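Numbered from 1 within each chain, the chains take letters A, B, ... in sequence-line order. Everything numeric here is computed off the predicted structure, so don't read it as measured data.
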Amino acid sequence: MNKLKMKVDLNGLTLNNPITVASGTYGFGREYSEIIDLNQIGAISVKGLTLEPREGNEGRRMVETPMGMINSVGLQNPGIRFFIENEITFLRQFDTKIIANINGNTIDEYCKMAKILSDEDVDSIELNISCPNVKNGGLAFGTNPKIVREVVSKVRKACKKHLIVKLSPNVTDIKTIARITEEEGADCISLINTMAGMAIDIHNRKPFLKRVSGGLSGPAIKPIALKMVYDVHSVVSIPVLGMGGISNTTDAIEFILAGASAVAIGTANFSNPYAPLEIKKGIEDYMRHYGHVDFNTLIGDLRM
Amino acid sequence: MNKLKMKVDLNGLTLNNPITVASGTYGFGREYSEIIDLNQIGAISVKGLTLEPREGNEGRRMVETPMGMINSVGLQNPGIRFFIENEITFLRQFDTKIIANINGNTIDEYCKMAKILSDEDVDSIELNISCPNVKNGGLAFGTNPKIVREVVSKVRKACKKHLIVKLSPNVTDIKTIARITEEEGADCISLINTMAGMAIDIHNRKPFLKRVSGGLSGPAIKPIALKMVYDVHSVVSIPVLGMGGISNTTDAIEFILAGASAVAIGTANFSNPYAPLEIKKGIEDYMRHYGHVDFNTLIGDLRM
Amino acid sequence: MKFVGKAKLLKKQIINEENFRFVIKRSDEMGCVYPGQFFNVSASKVGYPMLKRPISVSDVGEDTIEFTIKIIGEGTRAMLDYNEGEAVELMGPLGNGFEYGGYRKILVIGGGIGIAPLKGLINSLKKTEVEIHSVLGYRDAPYLYEDFAANSAICEIVSENDEQYNRGYVTDPVKKMLESEVYDMIYVCGPYPMLKNLTDLFNSKGFRAQLLMEEKMACGIGACLVCTCKTKNGDFGFKHSRMCKDGPMFYSDEVIFDE
Amino acid sequence: MKFVGKAKLLKKQIINEENFRFVIKRSDEMGCVYPGQFFNVSASKVGYPMLKRPISVSDVGEDTIEFTIKIIGEGTRAMLDYNEGEAVELMGPLGNGFEYGGYRKILVIGGGIGIAPLKGLINSLKKTEVEIHSVLGYRDAPYLYEDFAANSAICEIVSENDEQYNRGYVTDPVKKMLESEVYDMIYVCGPYPMLKNLTDLFNSKGFRAQLLMEEKMACGIGACLVCTCKTKNGDFGFKHSRMCKDGPMFYSDEVIFDE
Ligand SMILES: Cc1cc2nc3c(=O)[nH]c(=O)nc-3n(C[C@H](O)[C@H](O)[C@H](O)COP(=O)(O)OP(=O)(O)OC[C@H]3O[C@@H](n4cnc5c(N)ncnc54)[C@H](O)[C@@H]3O)c2cc1C
Ligand SMILES: Cc1cc2nc3c(=O)[nH]c(=O)nc-3n(C[C@H](O)[C@H](O)[C@H](O)COP(=O)(O)OP(=O)(O)OC[C@H]3O[C@@H](n4cnc5c(N)ncnc54)[C@H](O)[C@@H]3O)c2cc1C
Ligand SMILES: Cc1cc2nc3c(=O)[nH]c(=O)nc-3n(C[C@H](O)[C@H](O)[C@H](O)COP(=O)(O)O)c2cc1C
Ligand SMILES: Cc1cc2nc3c(=O)[nH]c(=O)nc-3n(C[C@H](O)[C@H](O)[C@H](O)COP(=O)(O)O)c2cc1C
Ligand code: FES
Ligand code: FES
């Protein structure tokens, strides 16, 4: 069997292989480390961090929908300090890259977190701009091109690490937002975050989630995510980390052919904790079958 | 058994009951009339009409995705003249309302169609603003608030019938667009149209659809549609015709509680042609169970 | 007459690694069922995958209908999980099947699972006096050939990989047969490239055939327009005909093949 | 030790209209399985519904595990379609089960399907010398009570609708028993309102119980934080504990019930 080259460089962040796990679905890796070998995963994006610890939303936090789920966790996390003191060393045991997913209420909070993490042992910072912007009526940072420009440019200045910007799919024109992100100095773009979704309990006549709506993830949104990855890849030259409903090898290869340099597995971990490893092997099999020696030759290799 | 009042008034269009079928999924009713009793359906929105006949897109037009399907029919239809001469009389045999779904390349085309149909025997005109705007680089009319204002206001002037405006979900802010639609004189808003989606054949490395992407419909998008219906209902006072993945009674009631005055069944007809009738009966059972005599008391009846 | 509902699975039979057979209870509401017609069959009891799968009738009995199904993807794989005695949700018969009245000598050409609907055809013909020539093509070992072997004056079998049979594609024997024989009608079902190559052959030699075509379907009855193929319209024009409603049988001189 | 994979369904047994029993082959990789722990079970072979369903162990044998399942929605209904002999995809054992070492006299209180995990508990206790009092509540006719009746010094059964039994809720007999008896530990599993009402009762009377709680789950192992419940933290604070990982067993004085 040929030796395949699976290493991929996300513009300054080199992964052993293109399989990563998505923020918020993997905690800080502890639980899944009891089930699978984390050394086999290219990178782990940790649970979204905030400056201060957060207890997250009250009441029911999840409702399943056809081939999807809506979550309303509300960024429950132990805060950036706890992460630095307790989680980094644990994750460093494994030969995988650490991506710190950061979340702010204000641009200032984002910058503070980027600055703090710049001096810590993480490999990349993932700026999650789907957070509600406290100063702008709670609309997500990532839905307004002007605010995207401002937050990315300021965080870029504060951040000495590899910087990924994670885009919200709840927008009219993802291309414009991706272009701005690139212009302001992001090293890589990840997408998509969850889509706004809702479900109602028809018997007690309330939304299942206390916050009314939440974020839809899983196979249901895959076609939408794939289209957005394709669109973004067509307008930027920085690498794209694709995600949104990827559950099996075919899904992952679709994203890679559409232009993703690497993929993240999120919701699929819940139904199949082996998904990242199965997909990694599946991509290798596919490469062998079609005579690819270097994974990089697969990226964006659509024949239109 | 109590007699239930199922009639609902969509601001000038009175339906015998709140169950309608979605444009493009029901042709002109001929095929389904062989299977179910169209008299039982509140309204039929016919296949999207254009000024001239269209043969639609070439190549493969559909790909199934997890609990959804992406279509790329490309508005194949016999043209508005043929519709008027051949289809209206057929549909008039049934005690159901006829909604003429119109599609233009330019605002002028929309207006022409609205004018022509104003003198014909249809009950309502549904302005589909998800069409690509030829003068604006092919971006959909419905994604740009300024253009929405222009097209709705002009069509309103040209249209002497009940006017429904059908919104595209591929936008950052559906509320603003809905408000504009109301301001410019729409009698009713229908939503959602399909979401932009894509699927790739990993073996021949081409998108399954010749046009690369198409419109995603079905249960997969239901949580997104429900959220948008809820959002729109919260900002307009004209009635909302809700759709997007409705497949069973529970789905339909969710939309109604979220604020839809009536619902449309689309993709679900394909897996279950009886869906509209089953859902109608299901709503009646639900009303009886919870002591509603008049369907109108159910609309928007969330307890927050 | 179209039946929409549940019908009992009387028998499930594994043919080989890739193919299996369903014998379904036929109900009166189905009316007449003709070879070449199909049913839209629910892939699983849980409603996933969402869309029903079009499956041709591969035989019709007094009160049974037979389907022969090849495992292709998740839908057909899921179907294999129905148990005998359970109800299968389906809709049909759908589409226009073969026209076969009055022909005396016919050629049937099937490729792979495309042989299934032809089996229904020749079993409908048996009773009348028709001379049947068959050409069956396989990738590997032949299956579903018994009824053809028993009822055909000539039955040619080719396989791409099975050395016991003539290696190659159906086009090879068909070419020869068209040179020496005269047929009242030719019936073809098989993969797209086979249909296309044979149609080129027929057109060049002035033959006309009935092709049973395939396309992804949603409604199955002609309402949604996702299953179209290009057919001739006027001298230079084309139209998009619905595979499910205007077909799945098309005459070889009607269809415009792409690429 | 967590097993992730497929295990054979050895026996499927219909209990009544709403409930059924699965006996699954237990594999060494599952390690020890304790009462109150659960498995995350795939609802169907086609992968729909998407998320696995948490199901408590209702008994553990030498090389078997028993689940008792109530049909609630599409997931549990789909499970009923597994055939004996087939493989069921699952993951477990998960969570923290009951603590039961060293108690001499216990009270177990179950409501509806919540009785299932308690059955596993009392069957683990049998061998030791524990006096068991049981209170079982049903909406309709009792089921799953046999092991309790056989092994309990007192076994009270109440039903909301079945006239053969004392009508009402478990709280009625429990109230009385708490007045006359002293228990080393109380174990409770049942619907949310029952847990809440009993907890109020325990708190007011100074008892402490082990509650087996329920919440919608995704990962089942503590990574996704969708299954939290409020628990006490410090004197006035609270935290969101993970039902799947920190529970599903919580002590009654830890939990903060909402509304
Ligand atoms: C009129 C008609 C009659 C028919 N009669 C019969 C019959 O009698 N018997 C019969 O067996 N069949 C018949 N068929 C064909 C049958 O309907 C299809 O084989 C069936 O619908 C396939 O469904 P599936 O879910 O198994 O496969 P699908 O899931 O639809 O997959 C089809 C193929 O695409 C592949 N695929 C999926 N996603 C990707 C991707 N991203 N990239 C690359 N490849 C991908 C799958 O692996 C598979 O090979 C008929 C079809 C028609 C239209
Ligand atoms: C730790 C733990 C252990 C458990 N142990 C057991 C056990 O041993 N045995 C057991 O039987 N169960 C057990 N459960 C419960 C079991 O997991 C659930 O019953 C199961 O997950 C339900 O899945 P479902 O798909 O059948 O129902 P779901 O589809 O999840 O539906 C749940 C309910 O919601 C309703 N519903 C769905 N949509 C709507 C809507 N829009 N409006 C109103 N209502 C709606 C459904 O009809 C149904 O009544 C346990 C749960 C946990 C957390
Ligand atoms: C339970 C849950 C929690 C999530 N939390 C975060 C988060 O903290 N930060 C973030 O950027 N994305 C978060 N996401 C989004 C995922 O990282 C991912 O972008 C999204 O789920 C789409 O991928 P998937 O469909 O494969 O899950 C979360 C998703 C889920 C399901
Ligand atoms: C095959 C197909 C064709 C469609 N054609 C049209 C159309 O011509 N005009 C239109 O306004 N919407 C069209 N739609 C969108 C539907 O009317 C509906 O808005 C959408 O499918 C969401 O509802 P559903 O998920 O219930 O199908 C089409 C949808 C499908 C699936
Ligand atoms: S499948 Fe709908 S028209 Fe053929
Ligand atoms: S289900 Fe994921 S933390 Fe409990």
Atom group of [X] that falls short of 4.5 Å from chain B, counting heavy atoms:
X: C:M217; result: backbone
X: C:K230; result: side chain
X: C:E89; result: side chain

Does [X] [atom1] have over 12 foreign heavy atoms under 6.0 Å away?
X: C:K70; atom1: NZ; answer: yes
X: C:Y169; atom1: OH; answer: no
X: B:R211; atom1: CZ; answer: no
X: C:K6; atom1: NZ; answer: no

Part of [X] lying under 4.5 Å from any heavy atom of chain C:
X: B:T267; value: side chain
X: B:Y274; value: side chain
X: B:T25; value: backbone
X: B:Y32; value: both

Tabulate, in ascending numerical order, the residues of residues 27-53 of chain C having at least one heavy atom closer than 4.5 Å to a heavy atom of chain B, or enter 'none'.
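Interface residues of residues 27-53 of chain C: C:G47, C:Y48, C:P49, C:M50, C:L51, C:K52, C:R53.
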Heavy-atom pairs under 4.5 Å with chain C, option from [options] with the top count:
options: B:S271, B:P273, B:S247, B:G29; answer: B:S271
options: B:E64, B:K47, B:R30, B:M62; answer: B:E64
options: B:S72, B:P219, B:G68; answer: B:G68

Below 4.5 Å, heavy atoms only, C-beta onward: do [X] and [Y] meet side chain to side chain?
X: C:C227; Y: B:R61; result: no
X: C:T228; Y: B:E55; result: no
X: C:F238; Y: B:E58; result: yes

Non-hydrogen contacts under 4.5 angstrom with chain C: give the residues of residues 77-96 of chain B involved, or none if there are none.
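Near chain C, by residue number: none.
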C:L225 and side chain to side chain contact (heavy atoms under 4.5 Å, CB included): which single residue from B:V73, B:L75, B:N57, B:N71 fits?
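Checked B:V73, B:L75, B:N57, B:N71 against C:L225; only one passes side chain to side chain contact (heavy atoms under 4.5 Å, CB included): B:V73.
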Cationic N near anionic O, under 4.0 Å, B:E34 to C:K2:
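Judged by the 4.0 Å cut-off on N to carboxylate O distance, B:E34 and C:K2 do form a salt bridge.
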Hey, are C:K245 and B:E31 close enough for a salt bridge, meaning a charged N less than 4.0 Å from a carboxylate O?
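No salt bridge links C:K245 with B:E31.
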If you measure from CG on B:N269 to CD1 on C:I221, what distance do you get to the nearest 0.5 Å?
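Going from CG on B:N269 over to CD1 on C:I221, the span is 8.5 Å.
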Examine distances only and state if a side-chain atom of C:E215 and a backbone atom of B:R60 form a donor-acceptor pair shorter than 3.5 Å.
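Absent.
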